[in-house]
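Reading through the structure tokens given below for one structure.
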Amino acid sequence: MTGPRQRELLERESAHLAPGASEESALGRRVFVEGRGAVLTDLDGNQYIDLAAGTLTQSLGHCHPEVVAALTEQAGRLWNVHDFATADRAALCELLAELLPEELDTYAFFSTGAEVVEAALRAVAAVAEPGRGRIGALRHGFHGKTQGARMLVHWDIGHQAFSGNSVLGYSPYCYRCPLELEYPSCGVRCASLVRRHIAEKPNISALVFEPVLGAAGVIVPPPGYWEQIADSCRENGVLLVADEVLTGGGRTGTFLASERFGVEPDLVTLAKGLASGFPFAALAGRSAVLRHPEAGRAGSTASTYANNPLGIAAAKATLEVVRRDTLLARVTELGAVLDERLAELHAKYEVLGEVRGLGLLHGLEFVHDRTSRRPAPEIAQAVYQHALDLGLRTAIGGHVLRLAPPFTIDRALLEEGVALLDRALERATGDTR
Ligand SMILES: Cc1ncc(COP(=O)(O)O)c(C=O)c1O
């Protein structure tokens, strides 16, 4: 239940605040006042284990002391000098060069996920051969809410879709296979159809994709999917643009999720976990693309907040901790624990149609029954709300709950979080075994 001080504040605010909030905050109705590590505190003093890590942003947890120190120091010194060099920017470039695959050696900095996706689209348009005016995208992909990014979004998320100039490919959503086939006997037909599409359409300049589709509910492709599609893009001169706004920075156990699938993108977008939730994003690319004279025209990477010193300081501090504390290995380790615990829940509750994930990114898909697989958003909502009442924060989107704990969470706290989720499931399903 939302406590009395929070209710009063929400009431006051609603007199002026425009509607249109996320499902999460509209259903959750909480006012958070503090975050420390993996724990949030609300205005009435209740605490929550945050297995959503902010907006899947707080890879180091909330208010990591080294990121706070870097931001505080920078805040007392310099906030904005357009895109002039700052003391930290060169160091951030060097850190990225160390953490990213070798060929991704050129960077530009922005403020949000959608902004960096737009920058990637501009770079693609700048280097595209004449006649290649279209962009490939995947059904169920999500890339942001600006016009260019929305052009790549094809699923039913209301006003956000604006299919424009993109060409759609099948996503690897095995649980709800668009071709009504079963893996592995399907031979990953979804990928061979995308492959054929790419080969037959000479007007595509790039494929923009999430290696693991996050917003759609953590759709993890089966072996063979990316290999086939990446090969076909290479053979046909189509650039690979990995949108790793959500997965980048280590969330799946490698710095890029693309690495787990053997995909070698030409451009990569990074944001959420990059600067511990401070608005900041990076475009990483091969020098052949980002140093191309058309892509590198004066002003092409500049905007009011692009390159801002605060974001750079937060990103540098975040990545230094990721590297020093070997957090990628920790993601893999804790991810295995999460996998195991969630498999237990899957075995216990019929309404959990599928539980899937990679590293510290998991999705729980709720259904009315496992035979019909009919989506059950009302059950997901009930679990989400019971979990909050019990002191657990998750992320909700339709009939899927997502879990994306901080990389730094204690194993015991992670297990406690899953135990609370078990209790929330018990309450929501009336199952008290
Ligand atoms: C893969 C991906 N790309 C782009 C975006 C858009 O980022 P932002 O909300 O910062 O504009 C998101 C946001 O969730 C995302 O998950």
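Note that the coordinates shown come from a computational prediction; the quantities given were computed from them, not determined experimentally. Just so you know, ligand 1 is whichever comes first in the structure, and atom 1 is the first atom listed for that ligand. Quick note: numbers below take in every heavy atom, side chains included, and nothing from hydrogens, waters or symmetry partners.
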For this session: Go through the steps for Asp42 and Arg393 under the test salt bridge (Lys or Arg N to Asp or Glu O under 4.0 Å), then give the verdict.
Result: CA-CA 12 Å; Asp42 73 22; Arg393 182 166 175 261; over 6 Å; no
For this session: Identify which of Val212, Leu152, Val245 has a heavy atom lying nearest to atom 15 (C) of ligand 1.
Result: Val245
Exercise. Backbone or side chain, does any N or O of Val117 fall under 3.5 Å from an N or O of ligand 1?
Worked result: no
Exercise. For the ring pair Phe261 and Tyr225, is the centre-to-centre distance below 6.0 Å?
Worked result: no
Exercise. What atoms of ligand 1 come closer than 4.0 angstrom to any heavy atom of Gly113?
Worked result: 6 (C), 7 (O), 8 (P), 10 (O), 11 (O)
Problem set entry | Side-chain donor-acceptor contact under 3.5 Å, Ser276 with Thr318 | yes
Exercise. Is it true that Glu244 lies under 4.0 Å from ligand 1, counting heavy atoms only?
Worked result: no
Problem set entry | Those atoms of ligand 1 less than 4.0 Å from some heavy atom in Glu210 | 1 (C)
Exercise. Hey, what's the ring geometry for Phe209 with Trp226, parallel, tilted or perpendicular (30° and 60° as the breaks)?
Worked result: tilted
For this session: Measure from atom 8 (P) of ligand 1 to the protein's non-hydrogen atoms and state whether any distance is below 4.0 Å.
Result: yes
Exercise. Counting N and O atoms only, with roles assigned by atom type, does the side chain of Lys316 sit under 3.5 Å from a partner on the main chain of Arg89, one being a donor and the other an acceptor?
Worked result: no
For this session: Indicate, as side chain, backbone, both or neither, the part of Lys145 found under 4.0 angstrom from ligand 1 when only non-hydrogen atoms are considered.
Result: neither
